[in-house]
**Q** 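Before I ask anything, here is the structure I am working with.
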Amino acid sequence: MTISRPRAAGRQTRTARALLCMAALFSTSALAGCVTGEYLTPDKRPYAKLAMPYNATQLGRSTSLDVLNVAHDPAHQFDRDKAAQVLLTQGDTVISYSGRTADTRKTWLNLIAFDEFRMTARRKYFFCVDEQAEREPDNPKRLLIPPRKGVLFDAAFIIDPEVLTTPYATAEAQRIEIVQWLAGQFRRDLTTLVGDPLNPAQGDQSILLSGMMVSQIFQVVLAELDHSPGLAKNLSEETGIRFPHISLNEGHIRLLTQNDLGVVRVRVNLPMRASKK
């Protein structure tokens, strides 16, 4: 793999600042582990360690080497009796960190896609299915009573210029197109990593299961938006829009964009709310 450092430092700084602004709006401090560490021990922040590759990656700045170095970070090491099938998988332009806890309760996937020329991150995804979620993912100080099966999915991405420059009849139409574009990018990024999902050349069941569940979410969301395009006006609201889930009642999806940057949050059978500091 060819590694190169980014050249446009000014643009990268603006990209990083814009993403920080959107992250603040999403209040994802629970996943980032920034605020909750003051009053929660690491084992009570159930997703922070799993999402470390996602949170450590800066769009437009992090190179593939930076992302690979997460594997050597002591904070991302797992005890063998607590996690199984922890896997680092590398393709030409995609890197993933995936795994499953030893009790099989949690399955997760971090997927980072890079620009094929600069090899800096353009898209990043974090997915986790928790068979018995005990705490809110975005505010782990709050317990879930009773515990329940839940799914969370986060994505941050640089939107292709073609998507942004295409004329749209309404702002809602553009938002729908961005969601559809992201769904396609996720499928392509996953295929770039593993090959044909039906006959993968590399990867494991954690990657394939996660990819299948994310694709199902996008399919249902796009079907809802196709049936009721007006819903797209609420995509940027605090709780986004609701959509039905095949086995877990309902979910919510939220989309925020700023210039050529986008952030998506999905919560299924889990609260869709900002964390409390």
**Q** I would like to know whether Ile207 and Leu190 meet side-chain contact (heavy atoms from CB on, under 4.5 Å); could you show each step before the answer?
**A** CA-CA 8 Å; Ile207 297 175; Leu190 186 68; 3.6 Å; yes

**Q** Go through Ser210 and Thr107 one step at a time and tell me if the side-chain contact (heavy atoms from CB on, under 4.5 Å) criterion holds.
**A** CA-CA 8 Å; Ser210 300; Thr107 299; 4.0 Å; yes

**Q** Going through the checks in order, is the side-chain contact (heavy atoms from CB on, under 4.5 Å) test met by Lys124 and Phe157?
**A** CA-CA 6 Å; Lys124 62 176 184 174; Phe157 45 93; over 6 Å; no

**Q** Ignoring hydrogens and geometry beyond distance, is a side-chain donor-acceptor pair present between Thr192 and Asp189 at under 3.5 Å?
**A**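 No donor-acceptor contact under 3.5 Å links the two side chains.
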
**Q** Aromatic rings Phe153 and Phe218: how do their planes relate, parallel, tilted or perpendicular, breaks at 30° and 60°?
**A**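 Geometry flag for Phe218 against Phe153: perpendicular rings.
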
**Q** Please list, chain by chain and in numerical order, all residues satisfying side chain to side chain contact (heavy atoms under 4.5 Å, CB included) with Glu134, sequence neighbours excluded.
**A**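 Listed in chain order: Arg105, Pro147.
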
**Q** Please tell me whether Leu152 and Leu143 are part of a single hydrophobic cluster in this structure, the criterion being side-chain heavy atoms less than 4.5 Å apart.
**A**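 They do not share one cluster, since no chain of ILVMFWY contacts under 4.5 Å joins Leu152 to Leu143.
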
**Q** Hey, does the Lys NZ or Arg CZ of Lys49 hover above the aromatic six-ring of Phe78, less than 6.0 Å from the centre and inside 45° of the axis?
**A**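 Here Lys49 passes the 6.0 Å and 45° test against Phe78.
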
**Q** To check you understand the geometry: which heavy-atom pair defines the closest contact between Ala232 and Ile176, and what is its length?
**A**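 That would be CB-CG1, 3.7 Å.
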
**Q** By the salt bridge (Lys or Arg N to Asp or Glu O under 4.0 Å) test, which pairs, at least two apart or in different chains, include something from residues 204-226?
**A**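 Found none.
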
**Q** Tell me every residue that passes side chain to side chain contact (heavy atoms under 4.5 Å, CB included) with Asp196, counting only those two or more places apart in sequence or in another chain.
**A**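 Once residues adjacent in sequence are excluded, the partners of Asp196 under the side chain to side chain contact (heavy atoms under 4.5 Å, CB included) criterion are Leu198, Asn199.
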
**Q** Given the rule in the side-chain contact (heavy atoms from CB on, under 4.5 Å) test, do Leu50 and Lys106 qualify, once you have shown the distances and angles that lead to the verdict?
**A** CA-CA 10 Å; Leu50 309 183; Lys106 297 185 186 73; 3.9 Å; yes

**Q** Could you list the residues that satisfy salt bridge (Lys or Arg N to Asp or Glu O under 4.0 Å) with Lys233, not counting sequence neighbours?
**A**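 Not a single residue meets the salt bridge (Lys or Arg N to Asp or Glu O under 4.0 Å) criterion with Lys233.
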
**Q** With sequence neighbours excluded, what pairs up with Thr191 under the side chain to side chain contact (heavy atoms under 4.5 Å, CB included) test?
**A**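 Expected list: Pro197.
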
**Q** The test is salt bridge (Lys or Arg N to Asp or Glu O under 4.0 Å); show your working for Asp138 and Arg265 and say whether it passes.
**A** CA-CA 11 Å; Asp138 304 299; Arg265 168 191 277 177; 3.4 Å; yes

**Q** Check side-chain hydrogen bond (donor to acceptor under 3.5 Å, both in side chains) between Thr89 and all other residues, then give those that pass, not counting sequence neighbours.
**A**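 By the side-chain hydrogen bond (donor to acceptor under 3.5 Å, both in side chains) rule, Thr89 matches no residue at all.
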
**Q** List for me each residue that meets salt bridge (Lys or Arg N to Asp or Glu O under 4.0 Å) alongside Glu131, sequence neighbours excluded, and say none if there are none.
**A**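 Expected list: Lys149.
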
**Q** With Asp160, which residues qualify under salt bridge (Lys or Arg N to Asp or Glu O under 4.0 Å), at least two apart?
**A**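 For Asp160, the residues satisfying salt bridge (Lys or Arg N to Asp or Glu O under 4.0 Å) (neighbours in sequence not counted) are Arg122.
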
**Q** Is Pro53 close to Leu111 at the side-chain level, that is, under 4.5 Å between some pair of heavy atoms?
**A**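 No; the side chains remain at least 4.5 Å from each other.
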
**Q** Among all residues two or more places apart in sequence or in another chain, which pass the ring-ring contact (aromatic ring centres under 6.0 Å, His included) test with Phe127?
**A**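 Phe127 satisfies ring-ring contact (aromatic ring centres under 6.0 Å, His included) with no other residue.
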
**Q** Side chains of Val264 and Ile178: does their closest heavy-atom pair fall under 4.5 Å?
**A**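 No; the side chains remain at least 4.5 Å from each other.
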
**Q** Do Leu88 and Leu68 have side chains that approach each other closer than 4.5 Å (heavy atoms only, starting at C-beta)?
**A**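 Heavy-atom side-chain distance check passes, below 4.5 Å.
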
**Q** Can you spot which of Ile246, Ile253, Val151 makes a side chain to side chain contact (heavy atoms under 4.5 Å, CB included) with Val268?
**A**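 Single pass found, and it is Val151.
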
**Q** Taking the six-membered ring for Trp, are the ring centroids of Tyr54 and Tyr125 within less than 6.0 Å of each other?
**A**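 No.
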
**Q** If you take all heavy atoms of Val194 and Gly203, which pair is closest and at what distance?
**A**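 Scanning both residues completely, I find the closest heavy atoms to be CG1-CA, 4.5 Å.
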
**Q** Could you tell me if the side chain of Leu270 sits less than 4.5 Å from the side chain of Arg148, heavy atoms only?
**A**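 The answer is yes; the side chains approach within 4.5 Å.
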
**Q** Taking only residues two or more places apart in sequence, or in another chain, which ones meet Ala223 in a side chain to side chain contact (heavy atoms under 4.5 Å, CB included)?
**A**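 For Ala223, no residue satisfies side chain to side chain contact (heavy atoms under 4.5 Å, CB included) once neighbours in sequence are set aside.
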
**Q** Write down the atom of Ser62, the atom of Val67, and the distance for their closest heavy-atom approach.
**A**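 Closest approach of Ser62 to Val67, heavy atoms only: CB-CG2, 4.4 Å.
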
**Q** Any ring-ring contact (aromatic ring centres under 6.0 Å, His included) pairs touching residues 237-265, not counting sequence neighbours?
**A**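 Residue pairs passing ring-ring contact (aromatic ring centres under 6.0 Å, His included), neighbours aside: none found.
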
**Q** Only counting residues at least two apart or in another chain, list the ones meeting salt bridge (Lys or Arg N to Asp or Glu O under 4.0 Å) with Glu250.
**A**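 Applying salt bridge (Lys or Arg N to Asp or Glu O under 4.0 Å) to Glu250 gives Arg242.
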
**Q** Do the rings of Tyr97 and His76 sit parallel, tilted or perpendicular, given the 30° and 60° boundaries?
**A**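 Tyr97 and His76: perpendicular rings.
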
